[in-house]
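Letters go in sequence order (proteins before strands), and every chain restarts at 1.
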Amino acid sequence: MTALTELAKRRGFFFQSSETYGGVSGFYTYGPQGASLKERVEETWRERFAVAEGHMQIDAPTVMPEPVFEASGHLDGFDDMLVECAACGESHRADHLIEDATDIEEAESLPTDEVAALLDAHDIECPSCGAPLAGRPVDEFNLMFETNIGPGTSQTGYLRPETAQGIFVEFPRLKEYARGQLPFGVTQVGKSYRNEISPRNALVRTREFTQAELELFVDPAGNDPDVTPVADVEVTLYPAENQPDGEYVETTVGEAVTEGIVDPWVAYYLGVATEWYETIGVDFERFRYRQHQPGERAHYASDCWDAEADVSAAGEDPEWIEIAGYAYRGDYDLSKHGEHADDSFTVFKQYDEPKTVERASVDPDMAYLGPEFGGAAGAVADALQTLAERDRAAFEGESVTVEVDGEAYEMPTEKTGFEVAAETEAGRHVTPHVVEPSIGIDRTVYTVLAHAYDEDEVDEGERTVLRLTPTVAPTGVAVFPLMDKDGMGERAQDLAADLRSEGYDVTYDDSGNIGRRYRRQDEVGTPFCVTVDYESVEEDPETVTLRERDSTAQVRVETDDLGSVLEALRAGETTFDDL
RNA sequence: GCACCGGUGGUCUAGUGGUAGGACAUGAGCUUCCCAAGCUCAUAGCCCGGGUUCAAUUCCCGGCCGGUGCACCA
């Protein structure tokens, strides 16, 4: 951690923001190298999760109005109730203390004064020192960033705590773009915000962070996905029931589904994700999918597997961080927005064959009901409809009686307009379920760096090297003149310009001796370096030295072939040994 | 939010009640120089505020920031 953050700061991957003003906790700026690396990680994610899967992308605002988060449950569920011990100063989750000491299961949903009263009533003690907590105030800590929308008596808004809400809120329109067909997926890459109590560990827990989320909307009664495309992908699973003894399950996506270890939809995305992690250089020796314990899941999730990476430095104890969550969210989100918002969060699912159903209905003769029952007539008509749906037999006699507000109303059956008619139903409205791969981009970037970081020896000299894959490395190739004289500098400049015009990210460096420049590039993960030397300017056809980062091996390549050789190396069609 | 420890050039650090030294890095130049450790020169620093003091980077208090532990973690 320390060596990596030091490198990150020194070489421009990431560093704490606003240090010129003393700094503020939980905010990081990506430097020249890091911004490029992060952009590539995001881009490969889009390629795999949006483009390759045929899903759409949106880009929603980070600020949303208060009702959105009332509906999503974040304003309620996002308050943590803390109580501080007067004796030892430890803070504890007040609701958890209540749950431990009583039969109450959802203490989190209770108001704070009630929780405070329960602390008194049950003589609850501080778990750390045993001092009584009675009489201590229960404080709420809200993790939502609040802001004002507009001047004057402005509307309250919040910075989104997850990009997902921007997708859910627009579901009614998004389903139109999907032509109402399930399943369909919507992705979004963007910033989210949480006012964390205690930001820690560099990029791992920040207050502003980037998420890449896919919300896949599926038919709850639909078929399981076809996992064939990823069935052979090998995964390391850590199911909930194994977690006490720490035993992993090494299997394939296909096997995991067959054996019922993982929900098929979740398993499918574990397979997709694994392929993606491989392209960005995650080390699978330090990686696992861990299933949430039942009590650990978010308020909306019915099953969740986290991608976890060990980001400890060599020789240290393992340090597992959560870098993504793959959750089956059920219909929680769409149902909630359906209840709160003035729109339909369902899709119309057409039956294979239209169904004919007999439906009992009434068409009350209001010219009779009105004069007869006065103000109650409307309610009586509604009661008749309810009754017709529930109990047709009630309409078999000469008269019908309904009860409204405790009062009985009787009328001749013929005045109710009761009939049973055959109706054709073409389908029904269903609330889709949501499968959600939710990736923390910053933590993933951190993992890529931690797994790429290496120290080795070259000619008895130590070096630090980032073994980034060519796909994510900020610089594709570095170009040096062996020395900046005798025309080598000019040739190297020209070569750098040529490579740039071919679309490479090129770093040009003529400062310091050649070994020093190689080491600089090693530290920022540049996979290949090209050196223009005396042979280059003397010989025809011109050749240059091509040096590989990982092995530090060198070969001579004709300048004219350089572009195609680099492309083949980047694509993995050629290895350096073949050259 | 609590506890402990810490904050000195870009980075890592030494040190001090009288404004600071090193290493690495960086820049200019030299060197036919292919793996950082050849030469010369140069640039650049005591987290912020208050207090004590003739004088504070140093001592005290508070804040901010970081590390670790606790707690929290959609």
Point to revise | Among B/C34, B/U26, B/A71, the nucleotide that comes nearest once only the side chain of A/R516 is considered | key: B/U26
**Study point:** Any-strand Watson-Crick or G-U partner of B/U68, both distances under 3.5 Å
**Key:** B/A3
Check your understanding: Using the P atom in both, what is the distance from B/G6 to B/A14, to the nearest Å?
Key -> 12 Å
Check your understanding: Between A/R443 and A/Y21, which has a closest nucleotide on RNA chain B that is more 5'?
Key -> A/Y21
Exercise for review: Consider the side chain of A/V24, meaning its heavy atoms from C-beta on, and name the nucleotide among B/U32, B/C2, B/C65 that approaches it most closely.
Suggested key: B/C65
Check your understanding: What is the pairing partner of B/U53, taking Watson-Crick or G-U wobble pairs with both distances under 3.5 Å in any strand?
Key -> none
Practice item. Report yes if a side-chain nitrogen or oxygen of A/R519 is closer than 4.0 Å to either non-bridging phosphate oxygen (OP1 or OP2) of B/A36; otherwise report no. Key: yes
Review point. What is the pairing partner of B/G21, taking Watson-Crick or G-U wobble pairs with both distances under 3.5 Å in any strand?
Key: B/U13
**Study point:** Any residue of residues 529-536 of chain A with a heavy atom less than 4.0 Å from an atom of RNA chain B
**Key:** A/T531, A/D533, A/Y534
Point to revise | Residue matched to B/G62 through Watson-Crick or wobble contacts both under 3.5 angstrom | key: B/C48
**Study point:** Nucleotide forming a Watson-Crick or wobble pair with B/A42, both distances under 3.5 Å
**Key:** B/U26
Practice item. Could you tell me whether A/E339 atom CD has more than 12 heavy atoms of other residues or ligands within 6.0 Å of it? Key: yes
**Study point:** Rounded distance in Å between the C1' positions of B/G29 and B/U43
**Key:** 15 Å
Exercise for review: Sticking with atom P, work out how far B/G69 lies from B/G49, rounded to a whole angstrom.
Suggested key: 32 Å
